Amino acid sequence: MKVPLRVDEKASSQREYFEVWYDDDKHKTVKSPVYPYFYSKKPLEFRNSVRSETTAKALSDLQETLFYRHKFRTRKELVQARNDDTFEDNIPFVIRNRIDVPDFFYQFKQTELRFLFFDIEQETTNGIFPTYDDRITSIAWATNDRKVKSIYLNKDRLSDKTLIELFIEQYQKIKPHIIVVYNKDYDIPTLLRRCEKNNISTVKLSKTKKKPYFGGKEDYHIDGTVIYDVAQSAFKDQSLNGEVENRGLKEVSNHFGFKEKRAPLTPKQMNEYIGTKTLARYNMDDVRRLMLVFNVYWPNIEFNANDLGIPLNFAVEMNTSNLALITLGDEFKKQNIISDGSNAQRYPEIFQRKKKTGEKNYEGALVDIENTGTVRPCKKADYSSLYPTIMAEFNLSPDTTTLITYEKYRNKFEIAEHDDYFLYAVPDKEMKKTLIIKVLKKRGFAANLVKKNLDERSIYKQRYKKTGNLRDKALSSNRKVKANGGIYGIQGSAHHPFGFAPIAVTTTAIGREVMKILLSVIRDFYGNVIYDVDTDGVYFTCNPKEFNKNRIRTELAKRLEERFHKKVNLSIDFDEYKAGYFYKAKNYVLLTLDDKIIFHGNTMKSSSKNILSRELIFQLAKAKLFDKPTKPIVDQFISLDFPLKHFAMNVRMGKHLHQYKNDSILVKRLALIAKEELGLTPEQGNIYHYVKTNDGYQLYQLAKKEDIDRKYYLQQIDTILEVFNETPQQQSLEEWL
DNA sequence: GCTATCAGGCTACCT
DNA sequence: ACAGGTAGCCTGATAGCG
């Protein structure tokens, strides 16, 4: 590595420091190269602050402007001082230092990286999912040599204390820099809480005297160690969309070619096999799967850390906002631009107007379903990197794009070309206005930056296809991420200092137009064959003999050029499926060429559904796609002859308890029952399993099979039958009952 | 007093 | 705190009906 393992912000009352972890477990506290600061246009006075003057272009109008720079001793003092007249006052301090002193973190190198890949298995005593009261039954791990080891609980041993102690002994020998897990929200807290329950000090896992702790911006902190959750990378990976049935370790590792020697265990088997080699082997296989998926994503993270000059812990936790601060921050510095307010402040007509509930700041993508039902074969055409490419191709950049005025809404995107600029009339149904946007022909810096990243990306992508070199793959992914989230992504953000709303509004509007053009080509070639349309892609069907990708591409390019008065470098890719079943917008099922069924949308795959519904959906979808009869399935399900577990639905507590607007919200009621009856503290992120009984809703743990509201569940089955266009059963059934 | 309908609040999902 | 767009479930208010 060219950068440190991790950097943590530390402050005294007098100034800011960084605790930097680098080389072999060395850590030292260094002064931050820059002090916390923000800007203002007015000559403000603050306590504990030093003021200086500088001229720069203001982001709002690109005019040379006098700015006052206010320097503080600590972040805390800055936070206390900032107000509506201050700018660039919410940039994370490590990122601020990285933008201002790009080489700073390169001074501290973590040359060696010791990894600990690990996975734990737990007993499940409530039949649903293990809790912190359940024993750990097996721990498997590996280090840099990738040899997998395990410790598992003896059959006749009731406590997991010795097991955990043995593992921690190994841990202390390994002294890992990076802990690699799949779902850190499970493995890390489970290990820590089981330590606590067994009176084992968790300090043993730390590189200092400080105990690992929960909370803060990275959820779980262990001093001197970086936790890398491979699942987070898998969830972010858009290239898995439509390729895997879910983002669990099994599916994802199989997708990347894990060679399965043993069938995975069911939760029931995991309980039955406690104290056997079978469970330990299963556990070890999961570590092998983990390492395989790790190999796919880790190179990108290491690459990004080195490329951006940020500590590894920041690269692991990187979000769109911070990435944009770095990529655009470097460019703003070159251009001598200072942000004089967030999008919300610079464009109050867009962000601060009175909005009804559900009304958005501006109009987004084109989404539609034109036909429903089973379709065979099924094709998809989609634009690659649609929004960033539009930004690059249409030269959308803060220094070229100006919102001239608002006009009355008319549902028509119009273009007028002038000598050195284009004028676009951009309709927006959320604002109920048409925005007149002027875009200079002189190349803009942000558009160029996107273009540079997209161009490089396609070179590396081609090269990777040819050579299979993983460095090319990492480079390709790095440039895509930079273009997508790092530059385009934040343009519509209300609070990001570098967002530029006219770019976002124009980009989505052009996106809708180019999508309409693609739809027109398909319709003109093949007729009324369009099913689902979403943002940059369209599902359709056509006679295999008439399907001609190049003909579509050629016609599309021609129509794009006519419409926009210039060559537009937007390209489309194609995907092919054996069949599809389309229900509503964003809700459909696909059958891949290798007979995998892929579910899309809330109706089809919501994790909150009960096993009963999920299983019925799966079987009906299978029957539809393989053209098999559905009657036997229906007959089986309407008996409702299933264990209680199959009726349990679940809901996640998305907010803190006090944030709920009224007491009748189901998840809040369940959380309070769980607190009262089971002593479970209501916490954001908790998942509650519940069933519908004749008296209302009840926690699964407290419900009995005979209390089940049969009518409710029969209705649930009917709803699913209607989704698949099957005749509802309930009426006849009720008569029969 | 019952049922149907709708808006509001929430979660989950898609691009 | 990257965004907007769609769908479904539940509750409570209200309208319509007998």
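Bear in mind that the values here come from a model prediction, so they are computed numbers and not experimental data. Per chain, numbering begins at 1; letters A, B, ... match sequence-line order.
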Novice: Less than 6.0 angstrom separating the ring centers of A:Tyr588 and A:Tyr583, yes or no?
Specialist: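 Here the rings of A:Tyr583 and A:Tyr588 have centres that are no less than 6.0 Å from each other.
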Novice: Base, sugar-phosphate or nothing for A:Gly364? Non-hydrogen atoms, less than 4.0 Å.
Specialist: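 The answer is sugar-phosphate, as A:Gly364 gets under 4.0 Å only of primed atoms, P, OP1 or OP2.
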Novice: A:Met604 has an atom CE; how far is it from atom C1' of B:dC14, in whole Å?
Specialist: 14 Å
Novice: Determine whether the aromatic ring centres of residues A:Phe38 and A:Phe87 are separated by less than 6.0 angstrom.
Specialist: no
Novice: Any donor-acceptor pair under 3.5 Å linking the side-chain atoms of A:Ser664 with those of A:Asn662?
Specialist: yes
Novice: Using a heavy-atom cut-off of 4.0 Å across all strands, would you classify A:Tyr488 as base, sugar-phosphate, or nothing?
Specialist: nothing
Novice: Between A:Glu363 and A:Met649, which is nearer to the 5' end of DNA chain C once each is assigned its nearest nucleotide?
Specialist: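 By nearest-heavy-atom nucleotide position, the 5'-most residue is A:Glu363.
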Novice: To the nearest Å, how far apart are A:Arg512 CZ and C:dG5 P?
Specialist: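 Distance, rounded to whole Å: 8 Å.
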Novice: May I ask you to verify if any side-chain N or O of A:Tyr362 is less than 4.0 angstrom from the OP1 or OP2 atom of C:dC2?
Specialist: no
Novice: For A:Tyr712, answer base if it contacts any base atom (sugar-phosphate contacts may also be present), sugar-phosphate if it contacts only those atoms, and nothing otherwise; contact means non-hydrogen atoms under 4.0 Å.
Specialist: sugar-phosphate
Novice: Report the distance from atom CG of A:Asn361 to atom C1' of C:dC2, rounded to the nearest whole Å.
Specialist: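 Atom-to-atom, A:Asn361 to C:dC2, this comes out as 12 Å.
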Novice: Please state how far atom CG in A:Asn319 lies from atom P in C:dA3, giving the value in whole angstrom units.
Specialist: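 Rounding to the nearest Å, CG of A:Asn319 and P of C:dA3 are 11 Å apart.
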Novice: Between C:dA1 and A:Ser321, is there an OP1 or OP2 to side-chain N/O distance shorter than 4.0 Å?
Specialist: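 False: A:Ser321 side-chain N/O out of range (4.0 Å or more) of C:dA1 OP1/OP2.
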Novice: OP1 or OP2 of B:dA12 less than 4.0 angstrom from a side-chain nitrogen or oxygen of A:Lys609, does that happen here?
Specialist: no
Novice: Select base, sugar-phosphate, or nothing to describe what A:Tyr688 touches, counting heavy atoms under 4.0 Å on all strands.
Specialist: nothing
Novice: Checking contacts here: which listed nucleotide (C:dC2, C:dA7, C:dA1) is nearest the side-chain heavy atoms of A:His495?
Specialist: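 So the nucleotide nearest the side chain must be C:dA1.
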Novice: Taking atom P of B:dC14 as reference, at what distance in whole Å does atom OH of A:Tyr387 sit?
Specialist: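 Those two atoms, OH and P, are 17 Å apart.
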Novice: Atom NZ of A:Lys360 to atom C1' of B:dT15: distance rounded to whole Å?
Specialist: 13 Å
Novice: Which of these nucleotides, C:dT11, B:dT15, C:dG5, is closest to any side-chain atom of A:Arg669?
Specialist: C:dT11
Novice: Looking only at side-chain N and O atoms, does A:Asn319 offer a donor or acceptor that is under 3.5 Å from a partner on A:Ser321?
Specialist: no
Novice: I want to verify a distance call: between C:dC2, B:dC14, C:dT6, whose nearest atom is closest to the A:His600 side chain?
Specialist: B:dC14
Novice: Answer with yes or no after comparing the ring centroid distance for A:Phe582 and A:Tyr531 against a 6.0 Å cut-off, counting only values under it.
Specialist: yes
Novice: Find the distance A:Tyr588:OH to C:dA7:P and express it as a whole number of Å.
Specialist: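 About 13 Å, once rounded to whole Å.
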Novice: Whether A:Lys380 and A:Asp573 form a salt bridge (side-chain N of Lys/Arg under 4.0 Å from carboxylate O of Asp/Glu) is what I want to check.
Specialist: no
Novice: Over how many whole Å does the gap from A:Tyr347 atom OH to C:dA3 atom C1' extend?
Specialist: 17 Å
Novice: Could you check whether A:Tyr383 gets within reach of a base, just the sugar-phosphate, or nothing at all, counting any heavy atom under 4.0 Å?
Specialist: nothing
Novice: How is A:Gln491 classified with respect to the nucleic acid when contacts are heavy atoms under 4.0 Å: base, sugar-phosphate, or nothing?
Specialist: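 Answer is nothing: A:Gln491 stays at 4.0 Å or more from every strand.
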Novice: Output one line per pair: protein atom, nucleotide atom from nucleotides 2-11 of chain B, and distance, for all N/O pairs under 3.5 Å.
Specialist:
residue : atom : partner  : partner atom : Å
B:dC10  : OP1  : A:Lys661 : N            : 2.9
B:dT11  : OP1  : A:Gly654 : N            : 2.9
B:dT11  : OP1  : A:Tyr660 : OH           : 3.0

Novice: Let's test your reading of the pairing rules: Watson-Crick or G-U wobble, both distances under 3.5 Å, then write DNA chain C as a dot-bracket string with ( ), [ ], | and dots.
Specialist: ..|||||||||||||||.
Novice: Heavy-atom nearest nucleotide on DNA chain C for A:Lys692 versus A:Val367: which residue maps closer to 5'?
Specialist: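 The residue mapped nearer the 5' terminus is A:Val367.
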Novice: Think A:Lys584 has a side-chain N or O under 4.0 angstrom from the OP1 or OP2 of C:dG8?
Specialist: yes
Novice: For A:Lys586, which of A:Asp532, A:Thr603, A:Asp534 qualifies under side chain to side chain donor-acceptor pair (under 3.5 Å)?
Specialist: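 The passing option is A:Asp534.
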Novice: How long is the span from the CG atom in A:Asn686 to the CZ atom in A:Arg652, to the nearest 0.5 Å?
Specialist: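 Interatomic distance, A:Asn686 CG to A:Arg652 CZ, rounded to 0.5 Å: 9.5 Å.
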Novice: Salt-bridge test for A:Lys452 and A:Glu331: reply yes if a basic N is under 4.0 Å from a carboxylate O, no otherwise.
Specialist: no
Novice: Within 45° of the six-membered ring axis of A:Tyr406 and under 6.0 Å from that ring's centre, is NZ or CZ of A:Lys433 located there?
Specialist: yes
Novice: Counting only heavy atoms not in A:Gln659, do more than 12 fall under 6.0 Å of its CD?
Specialist: yes
Novice: Kindly point out which of B:dT15, C:dG4, C:dC9 is positioned nearest to the side chain of A:Thr719?
Specialist: C:dC9
